[in-house]
Amino acid sequence: MKKNLWFLTEERPKKEVLIKVLEKFAKDYEFAVFIDAIRILPILENGKFAFKYEVVGFRCNNVDRVYIKTISGNSSAVDFLIFYQKNEPTLRDKPIYAIEETKTDDSESRNTGVYQRAIKFLFIQTYYPNAKKIMLYYLRIDQKKVATSTYIFGTRLLLTLGVEVLGKKLDPKIFKPFKTIDEIIALKAGMKNAPKGNVPILFTKLDKKIQISGRLFKSGGLSHDPNIGALSLIAAALRRLGWKGEIEITRHGLLQQHVEGGNKFIQIANALNISLQGITISKAVMHKSYWKYDMDGEKLGTIFIHLVAENFTEGYSIFENHAGCEKGYFITKEGKPIALEKYSDKRAYKAGNKKKIISIPDLILIDFGRSEVIDVEGKKYKFRKDGIKELRGFKDIEDRYIKKYYPGFEIIRTVVLFGGVEKKIVELKVGFLLNEQGDLILGVQAPELFKEAIKNLLDFWA
DNA sequence: AAACCAGTGGCTACATATAA
DNA sequence: TTATATGTAGCCACTGGTTT
């Protein structure tokens with residue numbers, strides 16, 4: 001009986017990522033795989049979306065089908081969980097891969113390129129210790145020629161925990177797991193000092209205690225993401241290399257009242273037995289389950305329309321921001337990605353004029369045939385009025401980018417909704433609704449691209 | 001100029017408080 | 001009782017100031 005591959009993800013599945021993972025899977029399992037042109041098809045049952053996508057356009061004798069489903073994590077969860085089994089994964093099943101993806105190279109940010117999300121691999125370790133942990137770089141810029149010390153330090157810590165790095169070329173002579181605790185301490189001690197006024201990450205090794213200095217306080221609480229990642233990563237590596245004594249964080253900047261919540265760092269501190277100088281850490285337990293199928297988020301709607309448009313019409317996305325904070329690029333006619341400015345007038349914004357920020361849609365689609373650009377704002381059904389209101393704010397991005405790079409195109413603004421049980425749309429500004437039963441509902445004034453996409457999808461399954 | 005760490009920004013989800 | 005407002009946690013990426 002052939003098995004299926006299941007991609008469970010919090011984001012929009014990207015073809016480039018799917019291909020990388022398929023190749024990695026084939027290599028690890030020594031399967032032959034032939035990848036043609038990947039296509040992602042929403043699966044319909046009785047004309048309704050089954051909240052499941054199928055990936056086609058490749059061949060592998062050991063894989064029957066490849067499915068994608070949208071999930072959301074309960075704690076600090078990785079971006080993709082991959083299962084290799086016949087049936088749809090449940091919480092009792094074990095993934096073969098846990099993959100965290102980033103677009104950040106260390107030339108852009110040391111903090112986010114390596115430290116910030118390391119904690120995710122510590123969480124996955126406690127839930128699924130046998131899943132292969134992968135840090136996947138999906139760089140849109142050239143990789144930095146010479147790696148920074150911080151990047152080398154952080155990556156070697158990840159390697160020490162058994163994390164594999166994909167999508168980057170790493171010199172195996174430099175990037176290797178640490179073998180001893182002293183090696184970790186020595187490498188950090190040899191790095192450049194932190195600027196004055198900052199709290200440096202430094203080790204003090206005593207007989208029965210290793211102290212690590214590092215700031216954890218940020219904006220009123222324990223929320224300094226990069227250092228939460230860095231310090232828990234270091235502690236995990238020390239434990240992995242056999243340190244049984246105390247691990248104490250110093251100069252963290254926290255007061256007792258800041259640690260009462262049991263946030264992700266406190267959970268990991270419990271699991272790894274980390275202490276905070278001068279503070280008692282409360283008992284905190286991790287969430288019972290690592291993930292759940294997402295049947296709630298607005299992204300279900302925008303991801304659906306995005307994939308239908310791209311796979312069933314000639315249209316495609318020139319900008320996307322499904323996750324709200326994901327790094328987004330605007331794609332020009334020539335296919336060149338450009339980073340968007342955040343403010344129309346930065347000085348005025350910093351001075352307090354919050355209107356000077358450039359509002360961005362969740363998705364921008366291009367319809368070359370009809371010379372239309374479609375700004376899409378995604379919302380949950382019950383918040384549809386907010387979505388309609390937000391459509392008014394897209395003048396800046398249209399003036400600065402769309403009109404400049406796509407002159408002569410008509411710009412359409414529309415709202416895409418997910419949720420509810422309604423079977424019709426009243427509001428003219430709503431172009432498409434995917435309700436929670438999987439009904440596909442077009443608005444009266446839906447963009448032609450939407451109509452074409454849904455028609456082709458229905459025809460495909462008819 | 002490169003590289004260090006701190007801080008900011010914008011979004012969602014969720015829990016709780018307050019108003020209708 | 002229900003709808004709306006508010007606050008916190010979390011997510012991911014980028015910017016800023018300072019030192020080397």
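Each chain gets a letter, A, B and so on, in the order the sequences are listed, and its residues count up from 1. All values derive from a computational prediction rather than experimental measurement.
Distance A/D79 CG to C/dC12 P: 6 Å, rounded to the nearest Å. We find that NZ of A/K14 is positioned 12 Å from C1' of C/dC12, with the value rounded to whole Å. Rounding to whole angstrom units, CD1 of residue A/I266 and P of C/dT8 are separated by 17 Å. Between the C1' atom of C/dC11 and the CD1 atom of A/I71 lies a distance of 15 Å, rounded to the nearest Å. At whole-Å resolution of the value, CG in A/D106 and C1' in C/dC14 are 15 Å apart. Going from atom CG of A/D225 over to atom P of C/dG10 covers 8 Å, rounded to whole Å. When the C1' atom of B/dT8 is taken as reference, atom CD of A/Q116 falls 12 Å away, rounded to whole Å. The distance from atom CZ of A/F383 to atom P of C/dT4 is 9 Å, rounded to the nearest whole Å.
No side-chain donor-acceptor contact under 3.5 Å links A/T250 to the backbone of A/Q211.
Base engagement by A/K218 is indicated by at least one non-hydrogen atom pair under 4.0 Å involving a base atom. Using a 4.0 Å heavy-atom distance criterion, A/S223 is classed as making no nucleic acid contact. Note on A/N227: only backbone sugar-phosphate atoms sit closer than 4.0 angstrom, heavy atoms only; bases stay farther off. Within the 4.0 angstrom heavy-atom criterion, no nucleotide atom of any strand lies near A/S72. No contact: A/E390 has no heavy atom under 4.0 Å from any strand. Using a 4.0 Å heavy-atom cutoff across all strands shown, A/K382 reaches no nucleic acid atom at all. Residue-level contact check: A/D386 touches neither bases nor backbone, having no heavy atom under 4.0 Å from any strand. At a threshold of 4.0 angstrom between heavy atoms, the contacts of A/E10 with the nucleic acid are absent.
In terms of phosphate contacts, A/S149 brings a side-chain nitrogen or oxygen within less than 4.0 Å of OP1 or OP2 of B/dC4. Contact annotation: A/K292 side-chain N/O to B/dA13 OP1/OP2 distance is not under 4.0 Å. For A/K380 and B/dA13, the shortest distance from a side-chain N or O to OP1 or OP2 is below 4.0 Å. For the pair A/K299 and B/dC11, the criterion of a side-chain N or O lying under 4.0 Å from OP1 or OP2 is not met. A/K379 has a side-chain polar atom (N or O) that falls below the 4.0 Å cut-off from OP1 or OP2 of B/dT12. Of the side-chain N and O atoms in A/K120, none sit less than 4.0 angstrom from OP1 or OP2 of C/dG10. Here A/H224 reaches the OP1 or OP2 of B/dA6: one of its side-chain N or O atoms lies under 4.0 Å away. Taking 4.0 angstrom as the limit, A/R117 places a side-chain polar atom (N or O) nearer than this to OP1 or OP2 of C/dA13.
With no hydrogens or angles considered, a side-chain donor-acceptor pair links A/K133 and A/Q125 at under 3.5 Å.
A salt bridge links A/E164 and A/K24; the closest N-O separation between the charged side-chain nitrogens and carboxylate oxygens is under 4.0 Å. A salt bridge between A/K379 and A/E377 is present, with a side-chain N of the basic residue lying under 4.0 Å from a carboxylate O of the acidic one.
With B/dC14, B/dC5, C/dC12 as the choices, the nucleotide that has an atom nearest any side-chain atom of A/I201 turns out to be B/dC5. Across B/dA6, C/dC12, B/dC11, the shortest atom-to-atom separation from the side chain of A/I360 is found for B/dC11. Residue A/M191 places its side chain closer to B/dC4 than to any other of B/dC4, C/dC12, B/dA3. Counting only heavy atoms from C-beta on, A/Y329 has its side chain closest to C/dC14 among B/dA6, C/dC14, B/dC5.
Residue A/D225 forms a side chain to side chain donor-acceptor pair (under 3.5 Å) with just one option from A/Q116, A/K264, A/K218, and that option is A/K264.
Between A/F51 and A/F418, the ring planes lie perpendicular to each other; the angle is over 60°, past the 30° to 60° tilted range. Using cut-offs of 30° and 60° for the angle between ring planes, the A/Y127 and A/Y290 rings count as tilted.
Where A/K188 and A/E377 each meet DNA chain B at their nearest nucleotide, the meeting point lying more 5' is that of A/K188.
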